[in-house]
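Remarks on the structure that follows.
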Protein chains: 2
Amino acid sequence: MTLRDVAARAGVSFKTVSNVINGHPHVTEATRGRVQDAIDALGYRPNQSARSLRHGRSGILALAVPELTSPYFAALASEAGRAAKEHGRVLVIEETLGDVEGERVALVDLTSRLVDGVILSPLVTPQEVVVERIGETPLVMLGEHRYAVRADHVGMDSVRAARELTEHLLATGRRRIAVVGRQDGGSTGGERWLGHVQALLAADLVPDSSLVARVKAYRRADGERAVRELLAAGARPDAVLCFNDLLALGAMHTLRQAGLAVPGDVAVAGFDDIEESRYAGLTTVAPDLPLLAREAVRLLVRRVENRTVPPALVEVPFRVEVRSSTA
Amino acid sequence: MTLRDVAARAGVSFKTVSNVINGHPHVTEATRGRVQDAIDALGYRPNQSARSLRHGRSGILALAVPELTSPYFAALASEAGRAAKEHGRVLVIEETLGDVEGERVALVDLTSRLVDGVILSPLVTPQEVVVERIGETPLVMLGEHRYAVRADHVGMDSVRAARELTEHLLATGRRRIAVVGRQDGGSTGGERWLGHVQALLAADLVPDSSLVARVKAYRRADGERAVRELLAAGARPDAVLCFNDLLALGAMHTLRQAGLAVPGDVAVAGFDDIEESRYAGLTTVAPDLPLLAREAVRLLVRRVENRTVPPALVEVPFRVEVRSSTA
DNA sequence: CTGAAAGCGCTTACAG
DNA sequence: CTGAAAGCGCTTACAG
């Protein structure tokens, strides 16, 4: 079932069929109609591999996220898939597992020939790798991890978000704010920590290192463990600021098991505004996720079309959603 | 950067390079080494579109699920992506939104030329559409919706699972078991309902239609609404059996808001064993999801390789995870 | 064990 | 406005 079959049936040259399919001008209405009828009758679909070979592009984009089982990234993938479809592209979702090797695979192997470009939500990718790939392949970076590279980037102002969230906690009278989510190595959380400290200092407070819990990953279990360890170490926070919602949900779980009331004894807040947070009454920073996804896809499509256009930095708005966990 | 460039650098014909890349025999070690050095030096990657055009296959598989924001389907997609990678394939995830058009797109458009085959988790696809596509394109069906078609299928025994879950509720002394999750149209939940009724009848009980809530979709909000309506209608269940975990989590939310203790006043149970359920202490049916995903991919790869092999029906084991919501 | 030819299905110039 | 040619990069027979 090829162009030639359709052409034979419609009684035209196969080039004319190609013109009809690609919506080129210079085809009479009558011819167009006849070709379209033949296409419909035969159920013809163009061979995408042949088109890709000819075009030098596959029409496939990739989104590389740490893990799809994180509700935030699942929602992001869903939105990005929709956006890709609107641009006539297909989206492949790649799980990096947040390790260097996974992110390298996404950046190097995947883009090598199958995919036209990659949207990467990096956790650990070192600067050099990004530098090496930029120029090699169209790339849009997501999130807080800012590289000293002129690359397309979409994210929210996490410093300001953390500052505003901390200000909210301070405004409700909290003074001993524990922080869950700093990490060794990865710079994730670096911006959120910075914003938090800015708010403390502005209120004439100083960070208390006995209230800071580091985590391995950003899952419920890490939030649970962090709070358990804080409490075991004798910390008595009146608020827990978590760097994402899963950490916060895990933290709430541990606090309640320890007999502490939320928000009576301890307020809890997070980042992301995943669906579960709405049900749990969790105060959180809500980025405009659909916009973030759409902008990332838009920038990537643009970059695929034109490798030389100057990189864009898009900042997506957010809101602090105040709910019962801090009210 | 093509085969020819590598060949030129290695001082062999480009056919020899092709042989090396594809691991064909009849290449001396010395030649292989020289070619490999050239490949590494140039950073050569084969053009996937050209390979696909030649092979008549893209190496891309699709997984079509109702929505990626459902934790169950996100986990499934994650596992299936891993499994596809183990087979040297790439997985495209398609959201059908659980409507006829979305599932048609997945079955017809996506498979038309880009993708070698589709794993479909259908909610509403009518029998005719499956019949039409089967034979046209490699297809593996997932879940409860059984079609009277000889198609590859992977699922758990939902009838038995619902029966066992109901038996558990009966064993803990519950007698007025509400059911949340029947649907108009879609046969989803049909098997679970059947298993539930079997267990009731075996215990000399009969289904009470005033305890059955229909839902539009399988999200938290639907579970909330269903229980709210049941309570408003004067129903006083001592258990709520929900056809998935999100419904159950929504149900628990409403029950607690209504001042009812779980499980003191009302037990709650679900299906899927999503991560949140472990934290919420929700009793649920836990299918072997990694196995389900791996088997689906395995069957699809097999089908792509051989269109005539007889269809396989794979049944995946499950466990009833008893937790505090029914204990 | 390696080389030259043909062709996968399409699109992009180029003629007419 | 439509047709004949060339070629995208690869692999698959087929020779040698």
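Because only heavy atoms are used, hydrogens play no part in the values below, and waters and symmetry mates are left out as well, while side chains stay in. Proteins come first, then strands; the chains are lettered A, B, ... in the order of their sequence lines, and each starts at number 1.
A close approach under 4.0 Å does not occur between any side-chain nitrogen or oxygen of A:Thr16 and OP1 or OP2 of D:dC1. Proximity of B:Ser49 to the phosphate of C:dC8: no side-chain N or O atom is located under 4.0 Å from OP1 or OP2. Taking side-chain N and O atoms only, A:Thr31 has a distance below 4.0 Å to OP1 or OP2 of D:dT2.
Between A:Arg82 and A:Ser78, the side chains place a donor N or O and an acceptor N or O closer than 3.5 Å (distance only, hydrogens not considered).
Rounded to an integer number of Å, the gap from CG of A:Leu53 to P of C:dC8 is 13 Å. For the pair A:Asn47 CG and D:dC10 P, the computed distance is 17 Å after rounding to whole Å. Distance CZ (B:Arg4) to C1' (C:dA5): 11 Å, rounded to an integer number of Å.
Taking a cutoff of 4.0 Å between a charged side-chain nitrogen and a carboxylate oxygen, A:Arg298 and A:Glu86 do not qualify as a salt bridge. Note on B:Arg57 versus B:Asp116: no salt bridge recorded, every NZ/NE/NH1/NH2 to OD/OE distance being 4.0 Å or above. Here A:Arg89 pairs with A:Glu305 in a salt bridge; the nearest charged N to carboxylate O distance falls below 4.0 Å.
Remark: C:dG16 base-pairs with D:dC1; criterion is Watson-Crick or G-U wobble with both hydrogen-bond distances under 3.5 Å.
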Side-chain polar contacts of residues 307-315 of chain A - donor-acceptor pairs under 3.5 angstrom, sequence neighbours left out - could you list them?
from     : atom 1 : to       : atom 2 : distance (Å)
A:Arg307 : NH2    : A:Gly135 : O      : 3.2
A:Arg307 : NH2    : A:Glu136 : O      : 2.9
A:Thr308 : OG1    : A:Asn306 : OD1    : 2.8

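With contacts defined as side-chain heavy-atom distances shorter than 4.5 Å, the pair A:Ser70/A:Glu67 qualifies.
Across all strands, B:Ser52 comes closer than 4.0 Å to no nucleic acid atom at all (heavy-atom distances).
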Counting primed atoms plus P, OP1 and OP2 as sugar-phosphate and everything else as base, spell out the protein contacts along nucleotides 11-16 of chain C at 4.0 Å heavy-atom distance: B, S or - for each nucleotide, 5' to 3'.
BBB---

